[in-house]
Amino acid sequence: MITPRPYQQDVVDGAVRLWRAGRRRIAAVLGTGGGKTVIFSMVAKMAHDAGLPVMVLAHRKELIDQAIGKLRDVNPEARVGRLQGTVKQYRADIVVGSVQTASTPTSLALLKTRRWGLVIIDEVHHGVADTYMRVARELRCFDDDGPLLLGVTATPVRGDGIGLGE
């Protein structure tokens, strides 16, 4: 079991407060090495404990592998699956997927067979890219009764100047 550092617990508590106040999509910004994966793993555990399926999206294999490992460390009771390439373990309690795979028509059709409770985007500064936006729309992240969304990043400012307000 992982014990969060006080500032990590503060981020988790802040996310919960914002969701309870009616916010649906939030971003957590923490410097490199601050433990963003621990933070979103703790939030995913809370969702899992509440019976909600969780989808985690990332854009690189290293991030997917890291997330799967940390999610299993934080919540050994959860079934953690992978959605990457030809591996489509989309029925797991917590699914960690590459946005490249998740955004394909075949994967989206599979993912839409579930009602997700929480969607997490690692490196959310990439979140306004077409692939991420397609997945977020199809999983109903912009609907009032859709899943909660948590984005994490160390770099909230994009090089191309596009804002994350979307």
Side-chain angles (χ1 to χ4, degrees), residues 1-50 52-84 89 92-103 116-133 135-136 139 141-142 146-166:
M1 188 65 176
I2 293 176
T3 302
R5 293 189 166 107
Y7 68 88
Q8 292 170 325
Q9 188 64 54
D10 288 347
V11 174
V12 172
D13 294 344
V16 171
R17 269 194 309 278
L18 287 169
W19 284 324
R20 286 186 177 148
R23 300 287 173 99
R24 305 288 304 162
R25 297 175 302 280
I26 60 174
V29 179
L30 214 65
T32 302
K36 292 176 289 296
T37 309
V38 169
I39 290 166
F40 76 63
S41 294
M42 292 172 55
V43 174
K45 181 181 185 328
M46 292 168 61
H48 173 255
D49 289 350
L52 301 172
V54 178
M55 178 81 222
V56 179
L57 293 169
H59 70 288
R60 291 195 341 251
K61 180 185 184 310
E62 300 80 21
L63 295 173
I64 293 165
D65 293 343
Q66 176 184 343
I68 289 172
K70 197 61 68 182
L71 285 157
R72 288 179 174 155
D73 289 345
V74 169
N75 191 2
E77 301 82 32
R79 292 177 303 123
V80 179
R82 180 184 297 265
L83 183 78
Q84 185 179 23
Q89 299 167 334
D93 302 323
I94 301 170
V95 178
V96 183
S98 80
V99 67
Q100 297 89 341
T101 300
S103 65
W116 299 94
L118 173 65
V119 174
I120 297 169
I121 299 177
D122 196 2
E123 304 287 346
V124 75
H125 56 279
H126 294 293
V128 293
D130 290 343
T131 51
Y132 282 99
M133 292 299 286
V135 175
L139 298 186
C141 292
F142 299 106
L148 299 174
L149 188 136
L150 171 65
V152 299
T153 186
T155 53
V157 178
R158 292 174 47 96
D160 61 7
I162 296 174
L164 298 181
E166 188 81 23

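For the single chain, residues carry numbers from 1 onward in sequence order.
- In this structure, Val135 and Met55 have side chains that are not in contact, with every pair of non-hydrogen atoms separated by 4.5 Å or more.
- For Ile64, the side-chain contact (heavy atoms from CB on, under 4.5 Å) partners two or more places apart in sequence, or in a different chain, are Ala58, Ile68, Arg82, Gln84, Val96, Ser98.
- Within the model, atoms CG of Leu118 and CG of Leu139 stand 11.5 Å from one another, a figure rounded to the nearest 0.5 Å.
- Contact record, Leu63 with Glu123: CD1-CG, 3.7 Å, taken as the closest heavy-atom pair.
- Residues Val11 and Met42 fail the side-chain proximity criterion, which asks for heavy atoms closer than 4.5 Å.
- When all heavy atoms of Ile94 and Ala78 are compared, the pair lying nearest together is CD1-CB, 3.9 Å.
- Under the 30°/60° scheme for interplanar angles, the aromatic rings of His126 and His59 are found to be tilted.
- Between Val95 and Gln89, the closest heavy-atom pair is CG2-O, 3.6 Å.
- When every heavy atom of Ile2 is checked against every heavy atom of Val74, the shortest pair comes out as CD1-CG2, 3.7 Å.
- Taking both residues in full, the closest heavy atoms of Val80 and Ala92 are given as C-CB, 4.0 Å, listed atom of the first, atom of the second, then distance.
- Closest of all the heavy-atom pairs between Trp19 and Leu150 is CZ2-CB, 3.9 Å.
- A salt bridge links Asp49 and Lys45; the closest N-O separation between the charged side-chain nitrogens and carboxylate oxygens is under 4.0 Å.
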Under 3.5 Å, side-chain donor or acceptor atoms of residues 27-39 against the rest of the protein: list the pairs with distances, not counting sequence neighbours.
{"unit_1": "Lys36", "atom_1": "NZ", "unit_2": "Leu30", "atom_2": "O", "d": "3.2"}
{"unit_1": "Lys36", "atom_1": "NZ", "unit_2": "Gly31", "atom_2": "O", "d": "3.2"}
{"unit_1": "Thr37", "atom_1": "OG1", "unit_2": "Gln66", "atom_2": "NE2", "d": "2.9"}

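- Using a 4.5 Å heavy-atom threshold, the side chains of Phe142 and Arg25 count as touching.
- The distance from atom OG of Ser103 to atom CG of Asp130, rounded to the nearest 0.5 Å, is 9.5 Å.
- Sorted by first and then second residue, the salt bridge (Lys or Arg N to Asp or Glu O under 4.0 Å) pairs involving residues 69-80 (not counting sequence neighbours) are Arg79-Asp93.
- One finds the SG atom of Cys141 at 8.0 Å from the CG atom of Leu57 (value rounded to the nearest 0.5 Å).
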